[in-house]
Asker: 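I have a structure I would like to understand better, so I am pasting it below and will then ask my questions one at a time.
Each chain gets a letter, A, B and so on, in the order the sequences are listed, and its residues count up from 1. Atom set for the values below is all heavy atoms of this structure, side chains included, hydrogens, waters and symmetry mates excluded. The model shown is predicted, which means the values in this text are computed figures rather than measured ones.
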There are 2 protein chains.
Amino acid sequence: MCKLILNNYFHSLFPIQKEIVEKITESFCDFTLNKNTILINKDTISIKTYFLQKGYVRSYILNENNEEVTTNIYSAPCFVNDFLSFFKKQPTKEIYKTITDCYFWETDLENVQANFHNIAEFREFSRLLFVINYSKLNDRLIEMVSQKAETRYLNLLNHQPHIFQQVSLKIIASYLGVTDSTLSRIRKEISKI
Amino acid sequence: MCKLILNNYFHSLFPIQKEIVEKITESFCDFTLNKNTILINKDTISIKTYFLQKGYVRSYILNENNEEVTTNIYSAPCFVNDFLSFFKKQPTKEIYKTITDCYFWETDLENVQANFHNIAEFREFSRLLFVINYSKLNDRLIEMVSQKAETRYLNLLNHQPHIFQQVSLKIIASYLGVTDSTLSRIRKEISKI
DNA sequence: ATAAGAACTTGATAAATGACAAGAAATCAT
DNA sequence: ATGATTTCTTGTCATTTATCAAGTTCTTAT
């Protein structure tokens, strides 16, 4: 149980003394999940916060036709959270499921609260995590409304090529907001060039 | 200079003692802007945080054809912030402009920091504000990728009918992710029923 | 190794939306 | 009030993407 990667993640976002990071992560516990396993189920209250050290996770909703629409793809190292559910204790609308075998760290709200109110550096880190997540989501929204599917595909391919090694095109298609047939045709078009 | 509405907003999101709210908002200053005035310009660093007490504001980007794509519409009372710019001092990608005459309160990062680290209730409020904003943005993204334009239009009409009184269809169209011609046709179709 | 299922591709056709242009209606500045 | 500007609508046609169905390839469980 080595917390090196977890601790480094805190450092990488906001400069914090080693001893303080160790105090923050003291109560984190590790666990693994096999691929295609639910991490957080729909309509439940997420009582843990998760750090994904290894693997890929996606969140998705079921639309009116019960089709899965991928809302986010998480690639380690990163935190995986349903903010509204975790902090406001509301039922989740999305399902969070592993795409590959995964290695996680988890802790609960009680511990987050203690750190948040007692450790100034953790407060800064937490806020930064929100700012970055909000900003990424905003960028994604802008991309979805202002660029066409082919551009969005090329952006993903350029910025996160590793995703294509691990995640099926069906999931990627729904993340890009198109059907798998359309994605297949986009790839065909691009390969011609 | 009456801070009643501003103070009430804090209360409405998270229960805080009156005296503490007054302390939090002590350093907020008010100002007005005429309609169609820039609040935060593109490529600048937003050094203030804004509370919109009265009026409507929108944020938008300029796409590759220099067309305005509305990313958000803010209706009072609410906070208006470019989180990434304000907290990470990064240049904004979006322009924030008033749609109507507006009345604002503002304060700076120094004050936010003092409150954030000294007042536990403000910390909770701040985090809640992030959680709610993140969640709204996530809902909007889900709506954009999983529902068609007509449904998105009807949702906006049901949940925020007041927007249609103050905001031009051109801006609403771009917020819904369609052209103004398409929105016009959607409205025509619906009116037939 | 093999059968079953899932992932991916492809074709034909339909639906949704965009692009452009022109005209009508509303708003604004003087 | 009047002309200029902007907003909104509408027509025609093009583009993008979805839908459905069939076939191929790849994975996985036994």
Side-chain angles (χ1 to χ4, degrees), chain A residues 34-37 56 58 60 62-70 73 97-101 142-157 163-193, chain B residues 34-37 56 58 60-70 73 97-101 141-157 163-193:
Chain A
N34 291 335
K35 68 187 291 186
N36 294 321
T37 309
Y56 290 82
R58 71 184 174 118
Y60 62 93
L62 298 170
N63 70 8
E64 62 277 7
N65 302 324
N66 249 35
E67 294 154 347
E68 298 178 356
V69 179
T70 298
I73 297 173
K97 194 185 264 188
T98 59
I99 296 174
T100 61
D101 291 350
I142 291 172
E143 197 182 39
M144 293 302 283
V145 300
S146 68
Q147 286 170 353
K148 62 180 200 168
E150 184 178 316
T151 312
R152 300 201 297 272
Y153 167 76
L154 287 170
N155 285 345
L156 188 64
L157 195 58
I163 284 183
F164 290 84
Q165 312 304 313
Q166 302 291 339
V167 183
S168 73
L169 291 178
K170 190 180 167 153
I171 290 172
I172 290 173
S174 112
Y175 177 70
L176 291 172
V178 294
T179 58
D180 45 353
S181 314
T182 298
L183 179 56
S184 181
R185 291 192 177 99
I186 287 171
R187 286 161 62 84
K188 194 183 175 188
E189 269 312 302
I190 287 167
S191 69
K192 280 186 193 166
I193 304 165
Chain B
N34 291 335
K35 67 187 291 186
N36 293 322
T37 309
Y56 290 82
R58 71 183 175 119
Y60 61 94
I61 56 151
L62 299 171
N63 69 8
E64 61 276 7
N65 303 324
N66 249 36
E67 295 153 345
E68 299 179 355
V69 178
T70 297
I73 297 175
K97 193 185 264 187
T98 59
I99 295 173
T100 61
D101 292 349
L141 181 65
I142 291 171
E143 196 182 40
M144 294 302 284
V145 301
S146 68
Q147 285 169 353
K148 63 182 199 168
E150 185 177 314
T151 312
R152 300 201 297 272
Y153 167 76
L154 287 171
N155 285 345
L156 188 63
L157 195 58
I163 285 183
F164 290 84
Q165 313 302 314
Q166 302 290 339
V167 183
S168 73
L169 292 177
K170 190 180 165 152
I171 290 173
I172 290 174
S174 111
Y175 176 71
L176 292 172
V178 293
T179 59
D180 44 352
S181 315
T182 298
L183 179 56
S184 181
R185 291 193 177 99
I186 287 171
R187 284 161 62 84
K188 193 182 174 187
E189 269 312 302
I190 286 168
S191 69
K192 279 186 193 165
I193 304 163

Asker: So, do B:Arg58 and B:Ile171 sit near enough that their side-chain heavy atoms are less than 4.5 Å apart?
Answerer: yes
Asker: Rounding to an integer number of Å, can you tell me how far B:Arg187 CZ sits from D:dT9 C1'?
Answerer: 11 Å
Asker: If we only count heavy atoms from C-beta on, is the A:Glu68 to A:Leu62 side-chain gap below 4.5 Å?
Answerer: yes
Asker: So how far is it from B:Ile172 CD1 to B:Ile73 CD1, rounded to the nearest 0.5 Å?
Answerer: 6.0 Å
Asker: Spell out, as yes or no, whether a donor-acceptor pair under 3.5 Å connects the side chain of B:Thr98 to the backbone of B:Asn34.
Answerer: yes
Asker: Between B:Phe164 and B:Leu156, is there a side-chain heavy-atom distance shorter than 4.5 Å?
Answerer: yes
Asker: Once you round it to whole Å, what is the distance between P of C:dA7 and CZ of A:Phe164?
Answerer: 16 Å
Asker: Please give, in whole Å, the distance from D:dT27 P to A:Lys170 NZ?
Answerer: 16 Å
Asker: Can you give one letter per nucleotide of nucleotides 12-21 of chain C, going 5' to 3': B for a protein heavy atom under 4.0 Å from the base, S for sugar-phosphate only, - for none?
Answerer: B---SSSBB-
Asker: From CD1 of B:Ile172 over to P of D:dC8, roughly how many Å is that when rounded to an integer?
Answerer: 8 Å
Asker: Find the distance B:Lys188:NZ to D:dT9:P and express it as a whole number of Å.
Answerer: 10 Å
Asker: Whole angstroms only, please: what is the CG-C1' distance between A:Asp180 and C:dA6?
Answerer: 11 Å
Asker: Starting at atom OH of A:Tyr153, determine the distance to atom C1' of C:dC8, rounded to an integer number of angstrom.
Answerer: 13 Å
Asker: Strictly distance-based, threshold 3.5 Å: is any side-chain N or O of A:Thr100 a donor or acceptor partner for the main-chain N or O of A:Tyr56?
Answerer: yes
Asker: Between protein and nucleotides 25-30 of chain C, map the contacts as a letter string: B base, S sugar-phosphate only, - none, heavy atoms under 4.0 Å, written 5' to 3'.
Answerer: ---S--
Asker: Any idea which heavy atoms bring A:Arg152 and A:Gln147 closest together, and the distance?
Answerer: NH1-O, 2.7 Å
Asker: With a 4.5 Å heavy-atom cut-off, do A:Tyr153 and A:Val178 have their side chains touching?
Answerer: no
Asker: C:dA7, C:dG11, D:dT9: which one has an atom nearest the side-chain heavy atoms of A:Ser168?
Answerer: C:dA7
Asker: Nearest heavy-atom pair of A:Lys97 and A:Asn36: which atoms, and what distance?
Answerer: CG-C, 3.9 Å
Asker: I need the single residue from A:Leu183, A:Ile190, A:Thr182 that forms a side chain to side chain contact (heavy atoms under 4.5 Å, CB included) with A:Glu150. Which is it?
Answerer: A:Ile190
Asker: Any non-hydrogen side-chain atom of A:Lys35 less than 4.5 Å from a side-chain atom of A:Ile99?
Answerer: no
Asker: Can you check the A:Leu169 CG to C:dA6 C1' distance for me, whole Å?
Answerer: 13 Å
Asker: Between the axis at one end of the helix from C:dA1-D:dT30 to C:dT30-D:dA1 and the axis at the other (five pairs apiece), what's the angle to 10 degrees?
Answerer: 60°
